[in-house]
Amino acid sequence: MSVNYQLEKSKLPKHVAIIMDGNGRWAKKHGKDRIFGHHHGVDAVRSSLELCGELGIKYLTLYAFSTENWGRPKDEVLGLMSLLVHAIDNETTNLIKNNVKLNTIGNNNDLPEDVQMKLQESIDRTAHCTGVTLSLALSYSSQIEITEACKKIAASVLASDINVDDINPETISANLFTSEIPNPDLMIRTSGEQRISNFLLWQLAYAELYFTDVHWPDFDKDEFCKALEVYTNRERRYGKTSEQVKQ
Ligand code: FPP
């Protein structure tokens, strides 16, 4: 690891969420098709995951495919789905070796059957792992996630399982795909765009945001450490004063 950052371990995030952006621009820069960028994006997934393991960051959530991405050219969508199948096939043994538990968030049923099957196989094979939990957001839309949570809660009210007055933020959280994982502490977006793009809108309420111009395939351990160093120097106040949080 070519990393020289002085990272204070106690200040590291527990959960990092990443919008992996810029694969297409990276490919163009190299005079190649967009899918070439996605292929190289898998290397950046591997190194980010490795770094989380090395530093004891327990949760990594990656925005791999949004519901809006279904609208991309057919070739690119098919290429991404096939890449996913191959990546899961190639990496599952490594995930187990590195104690990584695979999880997905999003509307899995929208995915082609072979992708669903591969994912489920890998989820089952890594279910016992206790190191990093890697959540892949696939066919994911935060607005749909929240809408579905509202529908489930409304149904519980109609069935008299809960009272309207008992609905609180925890009720919403408990009905999201992420009910089993803590909210992200840090959200990184690569490739220069500074927006959240329908990713974890509820869960990012108090996350620190970090934006970098680096395209996702170039986001190596060194770049990840830079983001972590910035994070460790931030003061998270959760609406309180600086004096209060220093107490
Ligand atoms: C955004 O870049 C990237 C994606 C929509 C796909 C990300 C997928 C991978 C990195 C492969 C995932 C594989 C695994 C195993 C998780 P973009 O295409 O929007 O780039 P652009 O903005 O430059 O066009």
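When a ligand or atom number is given, it counts from 1 through the structure's own listing order. Along the sequence shown, residues are numbered consecutively beginning with 1.
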Carboxylate-amine/guanidinium contact [X] [Y], below 4.0 Å:
| X | Y | answer |
| --- | --- | --- |
| D21 | R189 | yes |
| E193 | R25 | yes |
| D33 | K28 | no |
| K226 | E229 | no |

Could you find the nearest protein heavy atom to [atom] and give me its residue, atom name and distance?
| atom | result |
| --- | --- |
| atom 6 (C) of ligand 1 | A64 O, 3.3 Å |
| atom 5 (C) of ligand 1 | N69 OD1, 3.7 Å |
| atom 1 (C) of ligand 1 | M20 O, 3.0 Å |
| atom 4 (C) of ligand 1 | H38 CE1, 3.8 Å |
| atom 10 (C) of ligand 1 | N23 ND2, 3.4 Å |
| atom 16 (C) of ligand 1 | L136 CD2, 3.6 Å |
| atom 13 (C) of ligand 1 | V42 CG2, 3.9 Å |

Worksheet entry | Options L83, L62, D43, ranked by nearest heavy atom to atom 11 (C) of ligand 1, top entry |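 Ranked by closest heavy atom to atom 11 (C) of ligand 1, first place is L83.
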Worksheet item: Less than 3.5 Å between some nitrogen or oxygen of G24 and one of ligand 1, yes or no?
Response: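 Yes; the residue has a nitrogen or oxygen that sits under 3.5 Å from a nitrogen or oxygen of the ligand.
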Worksheet item: Less than 3.5 Å between some nitrogen or oxygen of L84 and one of ligand 1, yes or no?
Response: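 No.
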Worksheet item: Going by heavy atoms, is S191 under 4.0 Å from ligand 1?
Response: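 Contact check S191 vs ligand 1: negative.
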Discussion item. Between ligand 1 and R72, can you find any atom pair, the residue atom being a heavy atom, that is separated by under 4.0 Å?
Written reply: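 True for this residue.
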Worksheet item: Between F65 and Y140, does the ring centre distance come in under 6.0 Å?
Response: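 Here the rings of Y140 and F65 have centres that are no less than 6.0 Å from each other.
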Worksheet item: Does the separation of the ring centres of H40 and F36 fall below 6.0 angstrom?
Response: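 H40 vs F36: aromatic centres under 6.0 Å.
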Worksheet item: Would you say the side chain of V100 lies within less than 4.5 Å of the side chain of T126, judging by non-hydrogen atoms?
Response: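 Counting from C-beta outward, T126 and V100 never come under 4.5 Å.
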Worksheet item: Got more than 12 heavy atoms from elsewhere within 6.0 Å of CD, E113?
Response: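 Open.
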Practice prompt. Please round to the nearest 0.5 Å and tell me the distance separating atom CH2 of W26 and atom NE2 of H38.
Written response: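 W26 CH2 to H38 NE2: 11.5 Å, rounded to 0.5 Å.
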Discussion item. I need the atoms of ligand 1 closer than 4.0 Å to a non-hydrogen atom of A87, numbered in the order shown.
Written reply: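 Listed by number with element: 15 (C).
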Discussion item. Suppose I only count heavy atoms of R25 and a 4.0 Å limit; which atoms of ligand 1 are within that range?
Written reply: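 In order of number, 21 (P), 22 (O), 23 (O).
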Worksheet item: Heavy-atom contacts under 4.0 Å between R34 and ligand 1: side chain, backbone, both, or neither?
Response: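 Side chain only.
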Item to complete: Decide yes or no on ring-ring contact (aromatic ring centres under 6.0 Å, His included) for F224 and F219, but give the supporting numbers first.
Response: CA-CA 7 Å; F224 199 165; F219 191 80; 5.7 Å; yes
